[in-house]
Colleague: 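Take a look at the following structure, please.
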Amino acid sequence: QVQLVESGGGSVQAGGSLRLICAASGPSSSVYDMGWFRQAPGKERELVATITRRGDDTYYADFVKDRFTIAREKSGDTAILHMKSLNPEDTAVYYCAAGLNSAYSRNFPYWGQGTQVTVSS
C-alpha cells in the first residue's frame, strides 16, 4: 500500500504562487498515476489535475488551466503542483491521490492527509 504525504501549503496573497509537494512511499509507488484534488469549506471535493506514472500525460480542470502545472520527479515517487496567479477562490484543502491507471479512470484509492492553501484578497 502506498502512503502519500503532502507539504507546501500555506497562506499567500492574491496573485501569489505556491508549490505543493506530494511524496509517495511504499511498494512500487512510482507505478501509480497521481492527482491533486481540493475541497473548499461547504463544497464538494473537486479534481484539480492528474499526471500519469511516466509523466507523459496530464489533465487540468478548466478553473486552473494556464495557472497550475503538475509534474513528477524522475524518481516517479514525488508529484508537484505549481500554482500561480492564485485567487481567493483557490482557498481549500488540497489532497494528493494515487492509484493504478487512475489518471484515466479518475478512481484514486490512496489519499494523503491534505494541506491547507489560503489565498487572501
Side-chain angles (χ1 to χ4, degrees):
Q1 183 171 345
V2 64
Q3 291 82 42
L4 304 173
V5 178
E6 303 100 333
S7 61
S11 298
V12 66
Q13 290 190 328
S17 301
L18 282 174
R19 184 181 68 166
L20 304 184
I21 298 172
C22 175
S25 62
S28 303
S29 58
S30 63
V31 304
Y32 291 91
D33 292 347
M34 299 180 80
W36 287 96
F37 290 74
R38 71 184 188 185
Q39 187 166 21
K43 294 186 178 181
E44 294 187 354
R45 186 176 62 197
E46 57 187 359
L47 176 61
V48 175
T50 65
I51 188 166
T52 52
R53 62 188 183 99
R54 293 190 177 92
D56 55 354
D57 196 8
T58 57
Y59 162 84
Y60 297 95
D62 287 342
F63 54 80
V64 302
K65 280 183 179 178
D66 300 324
R67 298 191 300 124
F68 291 11
T69 302
I70 189 170
R72 62 194 303 167
E73 293 186 344
K74 288 185 178 180
S75 62
D77 56 7
T78 301
I80 301 169
L81 186 67
H82 299 272
M83 307 185 295
K84 66 178 183 179
S85 302
L86 287 162
N87 58 63
E89 290 70 38
D90 295 316
T91 295
V93 177
Y94 284 71
Y95 296 91
C96 176
L100 291 174
N101 300 314
S102 295
Y104 301 116
S105 71
R106 306 291 169 83
N107 179 25
F108 289 86
Y110 304 113
W111 293 82
Q113 81 288 352
T115 185
Q116 177 70 46
V117 171
T118 302
V119 185
S120 59
S121 58

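FYI, the numbering just counts along the sequence from 1.
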Colleague: Group every Ile, Leu, Val, Met, Phe, Trp and Tyr by side-chain heavy-atom contacts under 4.5 Å, then state whether V12 and F63 land in the same group.
Modeller: yes
Colleague: What residue among V117, D90, T118, L81 forms side-chain contact (heavy atoms from CB on, under 4.5 Å) with L18?
Modeller: V117
Colleague: Would V5 and Y110 show up in the same hydrophobic cluster when neighbours are defined by side-chain heavy atoms closer than 4.5 Å?
Modeller: no
Colleague: Which heavy atom of Y95 sits nearest a heavy atom of Q39, and at what distance?
Modeller: CE1-CB, 4.3 Å
Colleague: Starting at OG1 of T69, measure out to CD1 of I80 and round the result to the nearest 0.5 Å.
Modeller: 11.0 Å
Colleague: Got a second to check how far T115's OG1 is from W36's CH2, nearest 0.5 Å?
Modeller: 7.5 Å
Colleague: Same cluster or not: are Y59 and V64 linked, directly or through other Ile, Leu, Val, Met, Phe, Trp or Tyr residues, by side-chain heavy atoms under 4.5 angstrom apart?
Modeller: no
Colleague: Just grab all the salt bridge (Lys or Arg N to Asp or Glu O under 4.0 Å) pairs involving residues 104-121, residues at least two apart or on different chains.
Modeller: none
Colleague: List the residues meeting salt bridge (Lys or Arg N to Asp or Glu O under 4.0 Å) with D62, not counting sequence neighbours, and say none if there are none.
Modeller: K65
Colleague: Begin from the C-alpha positions of E89 and V119 and carry the test side chain to side chain contact (heavy atoms under 4.5 Å, CB included) through to its verdict.
Modeller: CA-CA 8 Å; E89 290 70 38; V119 185; over 6 Å; no
Colleague: Distance-only check: which donor-acceptor pairs under 3.5 Å involve side-chain atoms of residues 42-51, not counting sequence neighbours?
Modeller:
| residue | atom | partner | partner atom | Å |
| --- | --- | --- | --- | --- |
| E46 | OE2 | R38 | NE | 2.8 |
| E46 | OE2 | R38 | NH2 | 3.3 |

Colleague: Would you say that F68 contacts L86 through its side chain, given a criterion of any heavy-atom pair below 4.5 Å between the two side chains?
Modeller: yes
Colleague: What is the minimum heavy-atom distance between L4 and M34, and which atoms define it?
Modeller: CD2-CE, 4.2 Å
Colleague: Rounded at 0.5 Å granularity, tell me how far CE in M83 sits from CD1 in I70.
Modeller: 11.5 Å
Colleague: F37: what forms a ring pair (Phe, Tyr, Trp, His ring centres under 6.0 Å) with it, not counting sequence neighbours?
Modeller: F108, W111
Colleague: Tell me the side-chain hydrogen bond (donor to acceptor under 3.5 Å, both in side chains) pairs involving residues 5-20, sequence neighbours left out?
Modeller: E6-Q113
Colleague: Without swapping roles, check the side chain of R67 against the backbone of S85 for a donor-acceptor pair under 3.5 Å.
Modeller: yes
Colleague: Under 6.0 Å from the CG atom of D66, do we count more than 12 heavy atoms belonging to anything else shown?
Modeller: no
Colleague: Could you tabulate the donor-acceptor pairs under 3.5 Å formed by side-chain atoms of residues 96-105, not counting sequence neighbours?
Modeller:
| residue | atom | partner | partner atom | Å |
| --- | --- | --- | --- | --- |
| S102 | OG | G99 | O | 3.3 |
| S102 | OG | N107 | O | 2.5 |
| Y104 | OH | D57 | OD2 | 2.8 |
| S105 | OG | N101 | O | 3.4 |
| S105 | OG | N107 | N | 3.1 |

